[in-house]
Number of protein chains: 2
Amino acid sequence: MRRVPRPSGSKRGQAKPRAPGARRAPAGRPYHHGDLRRVLVEAAFELVGEGGAEAVSVREAARRAGVSPAAPFRHFASRDALLAAVAEEAQRRFRAEIDRALEQAPAGDPLQQFRCVGLAYLRWAMRNPTHFEVISSRRLFDHDGSAAVSSDNAGVIGLTERILQEAHAGGQIGTSDLKQVLIAGRALVYGYARMAIDGHFPRWGVADGEATAEAILDLFMSGIARRSGHS
Amino acid sequence: MRRVPRPSGSKRGQAKPRAPGARRAPAGRPYHHGDLRRVLVEAAFELVGEGGAEAVSVREAARRAGVSPAAPFRHFASRDALLAAVAEEAQRRFRAEIDRALEQAPAGDPLQQFRCVGLAYLRWAMRNPTHFEVISSRRLFDHDGSAAVSSDNAGVIGLTERILQEAHAGGQIGTSDLKQVLIAGRALVYGYARMAIDGHFPRWGVADGEATAEAILDLFMSGIARRSGHS
DNA sequence: AAGCATTGTAATCGATGCTTACATTCACGA
DNA sequence: TCGTGAATGTAAGCATCGATTACAATGCTT
């Protein structure tokens, strides 16, 4: 049903060398896969990359892993659970990218840090649109456990919150209502990312997207900055 | 497939009075429906309201219209085409709401008009989250015709653009780069709407959402306003 | 080595999107 | 008025999907 055309990939031929923990490999493929869960998540992750969340099907993941259509249900209660695992993985990578950007930012300048983080955020989103989309829909996993995604996400939020607080303490922010500045900042960045992803900027290249991203961030910073000579 | 549980609604019993254009009604339901296309769009529209775009199935729409599962394909080439029609309808109502808000705004004050339009935007989005989501994904219809949605949407964009230009001409905006202000404004409003819809504000009521929406809009306006005494 | 829990397979169910062949009705011209 | 073609409905069927159940193979613990 509304399936992406079958890529007919990875014929299920020779078994890949299994993870440590498997013993003998008497014939072609051993009965037990070795690390099926991880392989399924990887397959689903790739499917998201190829066609978005809608292109993820349990059966295709099983096909790519070389197992029967029912096997995945030993590891995931439902298709949504599989997608949640993909979201967890994507969130992990996203978080890592943000952390890396923050490390490379100038240590003493919170506003510049904010800019770097925001830019890394937008770059990752625009270069991994489908995975960003999977991360974004809280509806998928927020209510049924899966604390990892939420915690990683809360980490990113808390990180920007800390940065903005530092900037405020340093007298670089002109308004006092920090809470709303934070929400506005999140909304601005999130909204720009989703606009790019949702196709609101037709015929834009990545270059345009990232250049405008910088401009938007600068505009935001000048909007919240303590008044001085403006642009 | 990942279907919402069948609501078993509207048993297909007595035919509703058909649109003008149908002639005799010899037995229970006439062979031709009369206005199937419209009824299908209405059914799909309701399905979107009940469970989001994912809950829309051609067969369920046919069921609710009281026709065979294949009948809808006489009017829509695919499920996506049906969804596009729903998006068109939703966009129409959204646009009407925006226009209404603009009429009620003070005539001479562009910034205030911007605030009113933005608030109406956010209110509609938060009260019709699933329909807003359907409108938002340009991917669904932007590339295959369906100019109505795009044109209505461009109308809203152009409307805000005009308002901001008036504000700029009136000297109420402090920065000169109007284009980026427009994008930032769109991103901010869109982002806030999607955050609310995507569940980034757990345990918020509509009241919280709309109150914060006002605050966000005010913050944006004060951020782009010509410098004076700030909050 | 025995036995139990884990993890895979086979077969199946109900649902879906979509197509093809056929049936019915409408609209319009002779 | 009466046909006849176009429009619009139905029936049946295909391939795919998520999910469940019964069964088989394996790994681990004792």
Side-chain angles (χ1 to χ4, degrees), chain A residues 1-8 12 15 18-40 43-44 47 51 53-84 140, chain B residues 1-8 12 15 18-40 43-44 47 51 53-84 140:
Chain A
M1 157 189 191
R2 66 176 174 282
R3 181 86 289 106
V4 72
R6 185 105 55 77
S8 78
R12 90 168 281 170
R18 281 147 299 131
R23 297 291 174 75
R24 310 159 294 159
R29 202 180 64 263
Y31 190 86
H32 284 99
H33 186 287
D35 199 2
L36 181 55
R37 187 190 163 95
R38 175 178 312 274
V39 174
L40 286 172
L47 282 169
E54 298 201 353
V56 172
S57 86
V58 176
R59 296 178 104 100
E60 178 62 24
R63 225 170 273 133
R64 295 193 174 189
V67 296
S68 78
F73 290 94
R74 291 285 178 203
H75 300 271
F76 302 97
S78 67
R79 173 182 176 277
D80 277 3
L82 175 58
L83 266 182
L140 256 183
Chain B
M1 158 187 192
R2 67 177 174 280
R3 180 85 291 104
V4 73
R6 185 107 55 78
S8 78
R12 89 168 281 171
R18 281 147 301 132
R23 297 291 174 76
R24 310 160 293 158
R29 202 179 64 265
Y31 190 86
H32 285 99
H33 186 287
D35 198 4
L36 181 56
R37 188 191 160 94
R38 177 180 310 275
V39 174
L40 285 173
L47 282 170
E54 299 200 352
V56 172
S57 86
V58 177
R59 295 176 107 100
E60 177 62 23
R63 226 170 273 133
R64 296 192 175 190
V67 295
S68 78
F73 291 94
R74 291 287 177 201
H75 300 271
F76 302 97
S78 67
R79 174 182 175 275
D80 277 4
L82 176 57
L83 266 181
L140 256 182

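Note that this is a predicted model, so its numbers are computed, not measured. Computed over heavy atoms, backbone and side chain alike; hydrogens, waters and symmetry mates excluded. Sequence lines set the chain letters: A, B, ... in the order given, protein chains first and strands last, and positions in each chain run from 1.
Atom pair B:Leu47:CG and C:dA15:P shows a separation of 16 Å (rounding to whole Å applied). Following rounding to the nearest Å, B:Phe73 (CZ) and D:dA12 (P) show an atom-to-atom distance of 18 Å. Taking atom CG of A:Leu40 as the reference point, atom P of C:dT7 lies 12 Å away to the nearest angstrom. Between A:Glu54 atom CD and D:dC17 atom C1' there is a gap of 14 Å when expressed in whole angstrom units. Atom P of nucleotide C:dC18 and atom CG of B:Leu82 are separated by 10 Å, given to the nearest angstrom. Rounding to whole angstrom units, CG of residue A:Leu36 and P of D:dT26 are separated by 16 Å. For the pair A:Asp35 CG and C:dT7 P, the computed distance is 11 Å after rounding to whole Å.
Heavy-atom nearest nucleotides on DNA chain C were determined for B:Ala70 and for A:Arg74, and the one closer to the 5' end corresponds to A:Arg74. With DNA chain D read from its 5' end, the first of the two nearest nucleotides for B:Arg59 and A:Val58 is the one closest to B:Arg59.
Between C:dT16 and B:Arg63, a contact under 4.0 Å exists linking OP1 or OP2 to a side-chain N or O. In terms of phosphate contacts, B:His75 brings no side-chain nitrogen or oxygen within less than 4.0 Å of OP1 or OP2 of D:dA7.
By the salt bridge (Lys or Arg N to Asp or Glu O under 4.0 Å) test, B:Arg37 is found to be paired with no residue, residues two or more places apart in sequence or in another chain being considered. For A:Ala62, the side chain to side chain contact (heavy atoms under 4.5 Å, CB included) partners are A:Val67, A:Pro72, not counting sequence neighbours.
Checking D:dG13, C:dT9, D:dG18 against every side-chain atom of A:Val67, the shortest atom distance belongs to C:dT9. With distances taken from any side-chain atom of A:Ser57 to the nucleotides D:dG18, C:dC18, D:dA19, the minimum falls on D:dG18.
Taking each heavy atom of A:Leu36 and A:Ala71 in turn, the nearest pair found is CD2-CB, 4.0 Å.
Distance check: A:Arg63 CZ to A:Leu47 CG gives 9.5 Å after rounding to the nearest 0.5 Å.
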